[in-house]
**Student:** 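Provided herewith is a single structure, encoded as structure tokens, for subsequent inquiry.
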Amino acid sequence: MFAQVALPIPLRTLFTYLLPPDTSVAPGTLVLVPVGQSRQVGVLWSISAQPAWNEGEIRPILEILEERPLLNEELRYLLEWIANYYLCPIGSVLAAAMPGHLRLQKRRRIFWNHSSIPDTVPETLLPLAQWLHKKQHLSEETLTHKYPRPLLQQQLQQLLRLGLIRLEEKWHGRQESDCIIPASTTPCTTAPRLTAEQSCQAQLIEQALQRQQFHTFLLHGITGSGKTELYLRAVEQVLLLGRQALLLVPEISLTPQLIQRYQDRFQATLAVFHSRLSDAQRFNYWQQIRDGRARVVIGARSAIFAPFADLGLIVVDEEHDPSYKQEGSVPYQGRDMAVVRARQAKALLILGSATPSLESLTNVRQGRYSLLTLQQRATGALLPTVEIIPTAELIRQQQMRFTDLLSPILRQAIQETLSAGQQVLLFLNRRGFAPSLLCRRCGHAIQCPHCSVTLTMHKEKKLLICHYCDYRQHLRDVCPACGQLSLFAFGPGTERLQEELSSFLPDARSARLDRDTVASGQVDPESTLNAFRDGKLDILMGTQMIAKGHHFPGLTLVGVVQAETTLCQPDFRAAERTFQLLTQVAGRAGREEGQPGRVLIQSYDPTHYALQAVLTHDVTGFVNSELLYRQEAGYPPFHRLALLRFSSAQLQTGTDFAQTLKEQLPALEHVQLLGPAPAPLFKLRNRYRWQLLVKELKSGQLHRALHRLLPLLHSLANSRIRLDWDVDPYSFT
DNA sequence: AGCACGCCGACT
DNA sequence: GTCGGCGTGCTC
Ligand SMILES: [Zn+2]
Ligand SMILES: [Zn+2]
């Protein structure tokens, strides 16, 4: 018998191995196989009587690693689906789905397996044999310091044949793990009462769960309307049906507070995939999910690959969040994969958001999803009032300097709020002190030597840092172009905001939460958020990190320092993103009844329709005008896109290739080719970049075109050109 | 992705 | 002379 095995290396095909006689093993099981000079853990994909490959020697499977399959058919289907849809090797998909699971621990140990060194040992092997005999056991790594690998392999083989040594290969699947989940399904805390609106929607969810068929709900509930409580109820019900549940959240929302909330309800059965898990812990969770011992799973997008035995419910919270899109070698959209997986598992899917993606809303309009809405806040509080502050106009009227981040209106509002004993949140989606350092004499902006972007000024660290490649140089006073002492920090940043705020209100208790303060250990996110919630801080300022989900009862004023930071990006979703992010931030304000919230948005473009929609809480109005724009411009959700990118370390090589493509790319049916054009971020990590946008004109024809286009690109490109592509792209930099 | 093989610059 | 840099090509 032969086995086709998927390996976690970027291969488009399965490899064929010989199944040792008398082995009973089912597809989906982990196996150890030889690959070239090394060994790999792979997944047995299928078994056949005839080899699926006959162009060389077929080697045998070395070991069946587990008694039962880890990847059931449903999960293998998902991985194949991803490989086909996103046009990437099945091996890469496997590696993305199971990071670490399949990795053998690099250090093989070699044990001396004999009391002495027999005389029969050939002279060439003596030095190695003596070394091993003396030490009794050594890691392969240590040996490679003294022996070149091919020689070592050869000598070890000989010693092995003589029965003098024994190899021990470590695979963490064998390690005992420390994250045992006890088996119990008793809810720990009792559920709070639902509002009339909530219980109405909860009933619809329950009915759908009872049917145990695939169905998708879009749960569109305003901020603070109690979506989480509906998720919790749905999970409770699916557990009663004896099925498992998966909750996907954006990476940034996977906070101790969120975990606690679920733990209080489902403690006994919960597995949380957070980024600090070791390979062994992660693998142990996988086994417990397969065995049905873990019944509720929470994680970011990659938890979609967990090996559920009987998945009955998937919840995608904040379904519009861009972090569901994985970038890199396997660029999948986690939310979309939830649809594929739920359909295959006959599970109920709930996509929840206060600001649903246009894709999901379109699916509702086309009848593929059903809509559930929550229009009232669970506490009975009203939505905050929103005002837009025209920064440019205030500067022109000399009411503020153009270097100021806080307008007089916002300053006054902060003071009023603090003196009323309430709290303030200031949002600015830019870390560092300023995004660039300019020369006021010659206009020079200090750039990254490896990328075509300006270096961000970090005042505390006294560094200029590239936010794309992490290049750093010391902060300087002298302009590198004209040699004058004339550099000044241009543009906003959270560090500068903090500086301005502490000179404005030196006595206020404030904290800054962004990647820099967290990484430097200055600030602990959990305790800071808790302190703010408990009223031990007056002002919290920061980036994305403070925008999500948290409930701060004393918070009544939200200030958005500069709305444009998300607006001016080379991305047709810029307006949608801005609307979503600002609505989300605004939703932090005034969540308790009787304490109305106020939101002040500072902007250089106050009439922009995305901001106007935030002002009036007009989701429908925004969605309609945005959809109109998308339709006219031929963008998603009306036309699918694929982005083909290429780059080269030499400018000329790239330019030539772009020219070649312009001349030689044929017109393809049912798609439109836009480009190649230089990428908005033209140089990144010393590579010059171009992109070619493929727009689908007739539904269902994108892949046909890509299957013609990609081989053509490969054949035209020389080895200096690096090619990659992204189906349904979210990033256009 | 590893890991080999292979062909050119600075060193015991 | 050879040690080692990483470019190219293969792995059932
Ligand atoms: Zn850079
Ligand atoms: Zn200058």
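Only heavy atoms go into these numbers, but all of them, side chains included; no hydrogens, no water, no symmetry mates.
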**Student:** Could you tell me how far apart A:L32 (CG) and C:dT11 (C1') are, to the nearest whole angstrom?
**Tutor:**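 Whole-Å distance recorded here is 15 Å.
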**Student:** Nearest whole angstrom, please: distance from the P of B:dC3 to the CZ of A:R39.
**Tutor:**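 Roughly 9 Å, once rounded to whole Å.
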**Student:** Can you measure A:Q4 atom CD to C:dC12 atom C1' for me and round it to whole angstrom units?
**Tutor:**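 Distance check: A:Q4 CD to C:dC12 C1' gives 10 Å.
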**Student:** In plain terms, say whether A:R577 and A:D571 are close enough for a salt bridge, that is, a side-chain N and a carboxylate O under 4.0 Å apart.
**Tutor:**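 Yes, A:R577 and A:D571 are salt-bridged.
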**Student:** Any Lys/Arg nitrogen of A:R335 or A:D321 sitting under 4.0 Å from an Asp/Glu carboxylate oxygen of the other?
**Tutor:**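 No.
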**Student:** What's the CD1-P distance between A:I721 and C:dT8, to the nearest Å?
**Tutor:**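 Rounded to the whole Å, the gap is 13 Å.
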**Student:** Strictly below 4.0 Å, N to O, side chains only: are A:R640 and A:D728 in salt-bridge contact?
**Tutor:**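 The answer is no: the pair does not qualify as a salt bridge.
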**Student:** Quick check, does A:W53 stack with C:dC12? I mean ring centres under 5.5 Å and planes off by under 30°.
**Tutor:**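 So A:W53 counts as stacking on the base.
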**Student:** Whole Å only: how far is the NE2 atom of A:H714 from the P atom of C:dG9?
**Tutor:**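 Answer to the nearest Å: 14 Å.
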**Student:** Of the candidate nucleotides B:dC3, C:dG7, C:dC12, which contains the atom at the shortest distance from the side chain of A:Q37?
**Tutor:**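 That would be B:dC3.
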**Student:** What is the nucleic acid contact for A:S719, judged by heavy atoms within less than 4.0 Å: base, sugar-phosphate only, or nothing?
**Tutor:**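 Here A:S719 touches the backbone only, sparing every base.
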**Student:** Using whole Å, what does the distance between atom P of nucleotide B:dA1 and atom CG of A:L11 come to?
**Tutor:**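 Atom CG in A:L11 sits about 10 Å away from atom P in B:dA1.
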**Student:** Classify the nucleic acid contact of A:P34 as base, sugar-phosphate or nothing, counting any heavy atom under 4.0 Å across all strands shown.
**Tutor:**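 Counting heavy atoms under 4.0 Å across all strands, the contact made by A:P34 is with sugar-phosphate only.
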**Student:** Hey, does A:F2 have a side-chain heavy atom less than 4.5 Å from the side chain of A:I47?
**Tutor:**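 Not touching, per the 4.5 Å side-chain cut-off.
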**Student:** For A:R12 and B:dA1, what is the distance between atoms CZ and P respectively, to the nearest whole Å?
**Tutor:**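 For the pair A:R12 CZ and B:dA1 P, the rounded distance is 13 Å.
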**Student:** Starting at atom CD of A:Q40, determine the distance to atom C1' of B:dC3, rounded to an integer number of angstrom.
**Tutor:**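 Answer to the nearest Å: 11 Å.
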**Student:** Looking at A:F308, does the NZ or CZ of A:R290 lie under 6.0 angstrom from its six-membered ring centre and within 45 degrees of the ring axis?
**Tutor:**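 Cation-pi check for A:R290 and A:F308: fails.
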**Student:** Among B:dA1, C:dT8, C:dT11, which is the nearest nucleotide to the side chain of A:R720?
**Tutor:**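 Nearest to the side-chain atoms of A:R720, counting from C-beta on, is C:dT8.
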**Student:** Is any side-chain N or O of A:S38 closer than 4.0 Å to OP1 or OP2 of B:dG2?
**Tutor:**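 Result: no.
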